Amino acid sequence: MPYLSRIRINPLRSGSQPLLKNPHRMKIEVLGGVPARAQDEPVLWRLDTFDRHQPQLLVLTHTKPNWDHIVERAGWPGADGEHALIRDYEPLLSRLVIGREFGFRLTANPVQSTATPDKLTEHQRKAVDNAPTSDGRSRLRRGFRVGHRSARHQMDWLLRRVSKAGFEIPLARTTEAGAPGMPEQGDPVPDVRLAAGRQLRFHKKRPQREQKPPITLVTATFEGRLRVTDPELLRSVLLNGLGPAKRYGCGLLTLAPLYETRNNG
C-alpha cells in the first residue's frame, strides 16, 4: 500500500543544513525511514522550499514509514502541529479517470544525452581522451547526460514526455506575457509554468584530495494543470517517478484538486 508523507523541516537547526544542501545526505535520511525495504522498492522524495522559513519534505513510499529520526534531527520536535503527516495514497489513485483534471507539481532533472557537450568537465574530458578512436575521432559507447539549463529547453523536455506518462497538459485559460520559456501573450500555450530552478553541486562523501568530481544536478520545478488520458499509465508514473535522478529528489509527481496546488503540492 503506497503512502505519501509530508515532513516539516526547520532550516535553522544544524542538523537540517546538510540535508537541505546535499541531496545524497537527504536520500540516506529518507531511506532510513522505510523499515524492511525491498531492494527494488522505489522511494520518491521532493524538497519544497517555496517557504524558505519552513521547507517541506514530501516522500512517497510503498510501505508505511516512520520519520521520527528526521523530526528529531531536522524538524520541530516539541512544537505544535503535525510534524510528519502520513496519508494512504490509494484514495487519490482511485480517482484517476480519463478526462479528470488535477493541479500538479513536479521537480524533475531535465536532461539530454550528447557525445559532444558544449563545455567538457574534467571527468568528461578524461572519458573522451581514454575512449577508443577511429579516423582520429573519439568514439564513446554512450553520450554524456547533460542537464538542460534554459527555461525553454526544460519546458520542452516536460512536454515531450506527458503523452507517455498518461496525461496531457490542457491549454491555459489565460496567457501571461513574458512567462519563462513560453510564447508571447495571445498564443495558445500549455497550462504549466516553471516555478523554480536550481543547480546543485555536491559530493557523496566529505570533500577530500583525489576525490571524484562533485555531482552536478540541474533541477526544474513545474506547476500546472493536467488532464488524465491513461489512468493506469499515470498511476505507474505517480508510483515510480518521471525522469532521471530519482534518488536525488527528482521525479515525484504530486496531484491535488486545483485550488490546493499551491499549498499542498
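All of these numbers come straight from a predicted model, not from anything done at the bench.
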Residues that [X] engages under side-chain contact (heavy atoms from CB on, under 4.5 Å), provided they are two or more places apart:
X     : answer
Leu44 : Leu60, Lys246, Leu252
Asp68 : Asn66
Ala36 : none
Asp40 : Ala38

Got a sec, which hydrophobics cluster with [X], joining ILVMFWY side chains under 4.5 Å apart, including via others?
X     : result
Leu31 : Met1, Tyr3, Ile7, Ile9, Leu19, Leu20, Met26, Val30, Val34, Val43, Trp45, Leu47, Leu57, Val59, Trp67, Ile70, Val71, Ile86
Trp76 : none
Leu85 : none

With sequence neighbours left out, write down each residue that passes side-chain hydrogen bond (donor to acceptor under 3.5 Å, both in side chains) with [X], or none if nothing qualifies.
X      : value
Thr61  : none
Thr219 : none
Arg247 : none

Under the ring pair (Phe, Tyr, Trp, His ring centres under 6.0 Å) rule, what pairs show up with a residue in residues 232-254, not counting sequence neighbours?
->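 As it turns out, the ring pair (Phe, Tyr, Trp, His ring centres under 6.0 Å) pairs with a partner in residues 232-254, which skip direct neighbours, are Phe202-Tyr248.
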N/O donor-acceptor pair under 3.5 Å between Thr221 side chain and Ala195 backbone |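 No.
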Q.
Taking Leu194's backbone N and O only, do any of them form a donor-acceptor pair with Glu223's side chain (distance below 3.5 Å, no angle check)?
A.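 Between the backbone of Leu194 and the side chain of Glu223 there is no qualifying donor-acceptor contact (under 3.5 Å).
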- From the options Thr229, Val237, Ile169, Leu242, select the one residue that forms a side chain to side chain contact (heavy atoms under 4.5 Å, CB included) with Val162.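 Among Thr229, Val237, Ile169, Leu242, the one that satisfies the side chain to side chain contact (heavy atoms under 4.5 Å, CB included) with Val162 is Ile169.
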Report, one line per pair, each donor and acceptor closer than 3.5 Å where one atom sits in a side chain of residues 92-103; sequence neighbours left out.
from: Ser94; atom 1: OG; to: Pro91; atom 2: O; distance (Å): 2.6
from: Glu101; atom 1: OE1; to: Arg225; atom 2: NH1; distance (Å): 2.9
from: Glu101; atom 1: OE2; to: Arg225; atom 2: NH1; distance (Å): 3.2
from: Glu101; atom 1: OE2; to: Arg227; atom 2: NE; distance (Å): 3.0
from: Glu101; atom 1: OE2; to: Arg227; atom 2: NH2; distance (Å): 2.7

### Query
Is there a side-chain contact between His24 and Ile215, using heavy atoms and a 4.5 Å cut-off?
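The answer is no, as the side chains (C-beta and beyond) never meet within the 4.5 Å cut-off.
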